[in-house]
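Reviewing the structure listed below.
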Amino acid sequence: MNRIISKKQLSDDVFMMRIEAPLIASERRPGQFVIIQLDTKYGERIPLTIADADPAGGSITVIFQAVGATTSRLSKFNPGDSLENLVGPLGRPTHIEKFGTVACVGGGIGVAPLYPIVQGMKEAGNRIIVIMGARNRALLILEKEMRALADELIICTDDGSSGLKALVTAPLKEICARDPKPDLAVAIGPPVMMKFCAETTRPFKVPTVVSLNTIMVDGTGMCGGCRVTVGGKTRFVCVDGPEFDGHLVDFDNMMKRLKAYKRQEDNAREICRLDAEIIKQAQRVKGT
Amino acid sequence: MSHHATREELASEAHRLLADVSSRPQPLKARERLQIPPQEMPSQDPVARRANTNEVALGYSPEQARLEAMRCLQCKNAPCIAGCPVRIDIPGFVGAIAGGDLQKAIAIIKRNSLLPSVCGRVCPQETQCQAPCTVGKSLKDVNKAVSIGRLERYAADLEREKGLLDTPEVKAETGRKVAVIGSGPASITVAADVRREGHSVTMFEAFHKAGGVLVYGIPEFRLPKKIVQFEIDTLKAMGVEIKTNFVVGRTRRLKDLIEKDGYEAVFIGTGAGLPKFMNIEGENLVGVFSANEYLTRANLMRAYDREHAQTPIYNSRKVAVLGGGNVAMDAARMAVRLGAAEVHLVYRRTEVEMPARVEEVAHAKEEGVIFHILQNAKRILGNEEGCVTAMECLKYELGAPDDSGRRRPVEIKGSEFIMEVDTVIVAIGNDSNPLIKQTTEGLATTKWGNIIVDENGKTSLDRVYAGGDIVLGAATVILAMGEGRRAANSINKLLAGNKK
């Protein structure tokens, strides 16, 4: 059992939780993730990226968006509640070394897994340019933390409520056109964002790492549900990744695979919504 | 299809026969024994079971078990023992059942096997102990051999159901710690055998539930989960500590277990979990699954229970399963139970070469799985959403024997045809899981990633042993258990040899 130590709502549907997990806190490296399951009997297993860890305090921080059945349920958990199952750290850690200048691009919730990578890259002596994107100002996360690490920070919002009114690819292109160009780009966010970041860096031949968040069951190579096509070859995100060469990933295939259970999940969410509705009505009846 | 005999019909027939056989002068002559009809395993009605996940084979009645046991000729040379990977005294326990002495039967089995209710169900007896059986040879049909596996299951089930089982005795605590990685059949065996010697044992399991392939892979209808749980509970009652959600290599490195956590020996029994794919076009389309994933969702994650389970399973109408082993049969039969309108099993050789147990093939057919032999997928076709719509297949014929001794399937040029399906389940085997290898320096493996061990089950690293599918490649429960026994022996010797 892993107890939730603290919880903070970062925006409408984005939550940050600090969870007791001493072994994971001391072993995890940037780029790795955990799998959670809220109840052992019927719960589903979903991967969540690790945004931060406190080895001394024995806790990890996860940031998630309440979009599916499990993340929605988790968002209703409170400090003191426990997750029945939490396993990790999984996946290969980010390859960190002194590359020179590293352009780190985070979109939406993707800024969370990007944060430990930025920390690692900074510690290794790299010059860090961070580009953060969100739909609007309210959805920007970890801005203060990133600002403390980045040598240069660029914010983009779709509506211009903070920073540039642009997609992250616009400043990324501008940075790639600089002389000298960045030695490495790291892009984490929605698949379509990663796809276009990779397309942006490709003509400049800037090596680009992306971190994929696919459907998983076990997270240890056993099921193959997370497989993606990279350079024409099948790779498993859980044991071969989660980071891959963005110029080789078949994003279109990946995006389709992510929708495999969409119809069923929509149904589940609809049922959850109806349940909540029924409970509300029942409470109203009780109250009168 | 012929009439499906019910459990009651089989029991009453056996009751009548047993009275008749018992009235004859004893002991029976060999000729009389050979005349006793082989006892059919009672099973759930094929139509009814398409819609449930309950166990299909229901187990012998006491009279059936005694009759089946009486068919054994008690051969002096006991060829069956040589056919058993763990050398159970088969005539001994079968004779005890014939004589009605259940306690003696189970005691004999347990001298060599730790998991009889599991092995009695999932061992490929027809290629092991029952293959050389004199009864089968005399009747010129291996399927008429004494049903040793069913008798093993009978004895083990009865012992468990009657509550006759005692928790195995554990010697005085030695204060020495052993780590067991994985919780499948090999690891269960090691944990029990090492714990018996009084050593402290911690079992590490990556999943949220212990049991390994017995809980994620083999479906309920073939091996009820409560049987596996019983074995796990026995380990706990012996004092084995089970740590779930723990991935050795990631949560903690193997060498840290030894150098920092004080484990004096480690057993690696992580199995063969890394599904193989065919490397054909369209294999990453939506609707293509490894059998591991499909079965894990359905079994371990309980997706068959659509009302309660949160883990989704693909809504399939027409399913193709690629492969001819037990896992392929499990996946096909699971697809039937999950409501697919049509399930096709596609195998590139013929039924004779199928590695699946004869019983599983028969059960699959009874349940309506459509077999396509001498065919294989060439590519998988999809629509704009990236979902499977069909498979392009090729026809095959059998050529000269290959290295495995089986005749090699040769494709027939120009024989392409289209099979319309919305789901493809790939069940062509597993490679070894790379996690421990990736994270453990100095651990010697074959080019296929299997861990290399010596005749004592020891790896290239000091104090580190391995067994089961991670050593053998995908094999059987009984072989994994045998390997576990051997490694446990070595660990016990190691810890007895150099006193603390």
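Each chain gets a letter, A, B and so on, in the order the sequences are listed, and its residues count up from 1.
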Counting heavy-atom pairs closer than 4.5 Å to chain B, which one of A/Met255, A/Arg73, A/Arg257 comes out on top?
A/Arg257

A/Lys256/B/Leu285 under side-chain contact (heavy atoms from CB on, under 4.5 Å): CA gap, chis, key distance, verdict:
CA-CA 8 Å; A/Lys256 284 169 184 162; B/Leu285 287 168; over 6 Å; no

More than 12 non-hydrogen atoms from neighbouring residues, nucleotides or ligands closer than 6.0 Å to CZ on A/Arg202, yes or no?
yes

Quick one: do the B/Thr244 and A/Asn85 side chains pair a donor with an acceptor below 3.5 Å?
no

Contact check, side chains of A/Lys259 and B/Val286, non-hydrogen atoms, under 4.5 Å:
no

Contact winner vs chain A - B/Ala309, B/Ala303, B/Pro275, heavy-atom pairs under 4.5 Å:
B/Pro275

Using heavy atoms and a sub-4.5 Å threshold, report which of residues 427-437 of chain B line up against chain A, by residue number.
B/Asn433, B/Pro434, B/Leu435

Proximity breakdown for B/Phe277 and chain A, heavy-atom pairs closer than 4.5 Å
side chain

Checking heavy atoms, do the side chain of B/Asp305, its backbone, both or neither come under 4.5 Å from chain A?
side chain

Supply the atom-to-atom distance A/Asn253 CG to B/Glu283 CD, rounded to the nearest 0.5 angstrom.
11.5 Å

Is atom CD of A/Glu97 surrounded by more than 12 heavy atoms (other residues, nucleotides or ligands) closer than 6.0 Å?
yes

Under 30°, 30 to 60°, or over 60°: which ring-plane class applies to B/Tyr314 and A/Tyr261, parallel, tilted or perpendicular?
perpendicular

Side chain from CB out, backbone as N, CA, C, O: work out which of these in B/Glu384 comes under 4.5 Å of a heavy atom of chain A, or both, or neither.
backbone

Residue-level contacts of residues 19-32 of chain A with chain B, using a heavy-atom cutoff under 4.5 Å:
A/Leu23, A/Glu27, A/Gln32

Report yes if the side chains of A/Cys223 and B/Met301 come closer than 4.5 Å at any heavy-atom pair, otherwise no.
no

If we only count heavy atoms from C-beta on, is the B/Arg250 to A/Arg92 side-chain gap below 4.5 Å?
yes

Interatomic spacing from CE in A/Met222 to OH in B/Tyr216 - rounded to 0.5 Å:
5.0 Å

Test side-chain contact (heavy atoms from CB on, under 4.5 Å) on A/Val87 and B/Val247; report intermediate values, then the result.
CA-CA 7 Å; A/Val87 58; B/Val247 182; 3.5 Å; yes

Considering only heavy atoms, which portion of B/Leu295 lies under 4.5 Å from any heavy atom of chain A: side chain, backbone, both, or neither?
neither

Backbone N or O of A/Gly88 within a donor-acceptor pair of the B/Thr251 side chain at under 3.5 Å?
yes

Measuring heavy-atom distances to chain B, does A/Asp252 have an atom under 4.5 Å in its side chain, in its backbone, in both, or in neither?
neither

Nearest 0.5 Å please: distance from the NZ atom of A/Lys233 over to the CG atom of B/Asn284.
13.5 Å

Structural part of B/Tyr294 lying under 4.5 Å from a heavy atom of chain A:
neither

Between B/Val426 and chain A, which part of the residue has a heavy atom less than 4.5 Å away: side chain, backbone, both or neither?
neither

Could you go step by step and tell me if B/Arg297 and A/Val217 meet the side-chain contact (heavy atoms from CB on, under 4.5 Å) rule?
CA-CA 8 Å; B/Arg297 284 176 181 273; A/Val217 184; 3.8 Å; yes

Can you tell me which portion of A/Leu86 sits under 4.5 Å from chain B's heavy atoms? Options are side chain, backbone, both or neither.
backbone

ring-ring contact (aromatic ring centres under 6.0 Å, His included) pairs, two or more places apart, involving residues 15-61 of chain A:
A/Phe15-A/Phe64, A/Tyr42-B/His308

Are B/Ser290 and A/Arg227 close enough that some pair of their side-chain heavy atoms sits under 4.5 Å apart?
no

Show the nearest heavy-atom pair for residues A/Val239 and B/Gln438, with the distance to one decimal.
O-NE2, 3.5 Å

Roughly how far apart are B/Lys209 NZ and A/Thr40 OG1, rounded to 0.5 Å?
9.5 Å

Would you call A/Asp218 and B/Glu293 a side-chain contact if the rule is heavy atoms closer than 4.5 Å?
no

Scan for ring-ring contact (aromatic ring centres under 6.0 Å, His included) pairs involving residues 211-259 of chain A, sequence neighbours excluded, and state none if there are none.
none

